[in-house]
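Notes follow the structure.
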Amino acid sequence: MNRLRDDAEAVVPQDDAAHVRDILDRLAARASCRDFDESLISPEILEDIVRDGVEAPSSCNQQNWHFVIVADPARKRRARDISGGNHHFAECSALIYLCFQKGWTHGNFSIVQSVAGACYHMMLSAHLRGFQCIWNAGIGDQVALREMIGLPETFDVIGALAIGRAKATAPKNKAPRRPIHEIFSWEKFERPSASCYPVKPAAAYPYWEIRNDANPYAEWNPAHWRWDQLADFRGYSVWAKSPLAGVYVSRRQGEATAVEMSLLPALPSGAKVVEVMGWGGTTTTALMGALGHDAQLTFVELSANNLSFMTERLRREGHDMSRLHGEVMVNGTLPQADGSVDLVVLPQVLEHMPAPEAFLDEVRRVLAPGGYVLASVRNMTSAYGAHWRAVEAVGAIPNQGPFTPIAAADLATWMHTRFTIEADLGIGADATGDAARLTGDACQTGRLYAMRGRRA
Ligand SMILES: Cc1cc2nc3c(=O)[nH]c(=O)nc-3n(C[C@H](O)[C@H](O)[C@H](O)COP(=O)(O)O)c2cc1C
């Protein structure tokens, strides 16, 4: 428990201590909400929230921020579409767009720091008033947005605060925080190495050169990451969304996963299945749908944070949770005993690992004789591989962490060395959207390459 009052210093008068403690506890209970009930909040209250927010400090007291409140239902739907499908933009009571004037700002993005302070102050005001919020940097296409809110060229918009009332069924979980001693140090910098992520070697790392779609420093090759760094990255960023059913599903991924599942073998009753790093529960959900009703599925992830997210999300997907449980894998070693598993599923995850071949050895270790492995990879020797090199890999690392596609022929060689291959399949003829099944000579040309192997 945080100390509030030290008798030697006695900053907070004794009479106030309980009250102050209560306010701090209430502020600490704030959690982002992405599942609103579409009810309205009166314009007066929204204006009061903005009024509270501008009590925040601003650089040189210029207060060069501007907030555009969007509450009209048709415009909120337009905002949702511009954002690329943030459904909470349409369902919240109002969006407050975070804008600032350009040309008059000082160094170190001081105007951005000021707007951020005001935004958080508005969040706390809304929270104490009993509403819920979500702060979004992901607001979508700037041109369309500028047009919608009529923003002049001398102003920028950098985010949107969505305020509303949570649905009664909305998740209540709060995203986990790092242990406090990992994120501060006295007098000089000290930080656990697992939370310092690899970057490409460079003389300096000026942060103003970094954009989502152009990041010269992001290290996409997981061979340059350690398992504990990957665990740290994935464990916190899976909480970048709420554990709602359907979260982290893209149309492209959904259709391809369904094709991948067609390679699943027939399993004995009560079969033990292990899925590794299942995309925040997205592929776990597909797998549960495809497996027989009495299979037991263990989902393995790198951090307890992933397990808490996935457990809540899988519960909300309506699965029978008595057939599902999560376990943490430390340093690339599966928690399962030798020869104990009937099927291991690796859904486009080998390309996220520091040493994918070594991990296939690990899969072989835990498989029972006659047990199966279903492995798929994003294929470097496909149109997608070219797209990855030219577009994706020059941007920022996504929430699932660094990955580098694997050549289909490499996966084939690694799998043949360790398993008897029963089936393989290419998925997707193009770089992006489709989930076409590619067989025969074409199977190693697909966006994805999937194989089913069996342990002798
Ligand atoms: C500057 C900033 C930008 C954010 N952008 C987004 C976003 O675009 N989409 C989203 O779903 N959440 C966004 N968030 C919310 C964070 O994911 C969230 O605050 C974090 O996971 C911690 O969870 P908590 O707010 O429940 O404590 C943003 C938060 C901040 C501070």
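We count ligands from 1, going down the list as the structure has it; atoms in each ligand are counted the same way. Just so you know, residue 1 is the first one in the sequence shown, and it goes up from there.
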Atom 23 (O) of ligand 1 - nearest protein heavy atom and its distance: Ala175 CB, 3.5 Å

Aromatic ring proximity, centroids under 6.0 angstrom, Trp279 and His352: yes

Residue pair Ile82 / Ile139, side-chain heavy-atom distance below 4.5 Å: no

Shortest heavy-atom approach to atom 16 (C) of ligand 1 - which of Gln132, Lys241, Arg34: Arg34

Identity and separation of the nearest protein heavy atom to atom 27 (O) of ligand 1: Arg177 NH2, 2.7 Å

Arg165 charged N/C atom sitting above Phe36 aromatic ring, 6.0 Å / 45°: no

Options Ala31, Ala137, Gly138, ranked by nearest heavy atom to atom 5 (N) of ligand 1, top entry: Ala137

Enumerated ligand 1 atoms positioned under 4.0 Å from heavy atoms of Ile134: 12 (N), 15 (C)

Atom 29 (C) of ligand 1 - nearest protein heavy atom and its distance: Trp135 O, 3.8 Å

Atom 18 (C) of ligand 1 - nearest protein heavy atom and its distance: Ser32 OG, 3.8 Å

Working for side chain to side chain contact (heavy atoms under 4.5 Å, CB included), residues Val276 and Phe299: CA-CA 6 Å; Val276 181; Phe299 52 97; over 6 Å; no

Ring centroid separation Tyr197 to Phe233 under 6.0 Å: yes

Structural part of Ile139 in contact with ligand 1, heavy atom criterion under 4.0 angstrom: neither

His19 atom NE2: more than 12 heavy-atom contacts under 6.0 Å: no

Side chain, backbone, both or neither: Trp239 near ligand 1, heavy atoms under 4.0 Å: backbone

Cation-aromatic face contact Arg178/Tyr236, 6.0 Å, 45 degrees: yes

Residue and atom name of the nearest protein heavy atom (relative to atom 9 (N) of ligand 1), distance in Å to one decimal: Asn136 OD1, 3.4 Å

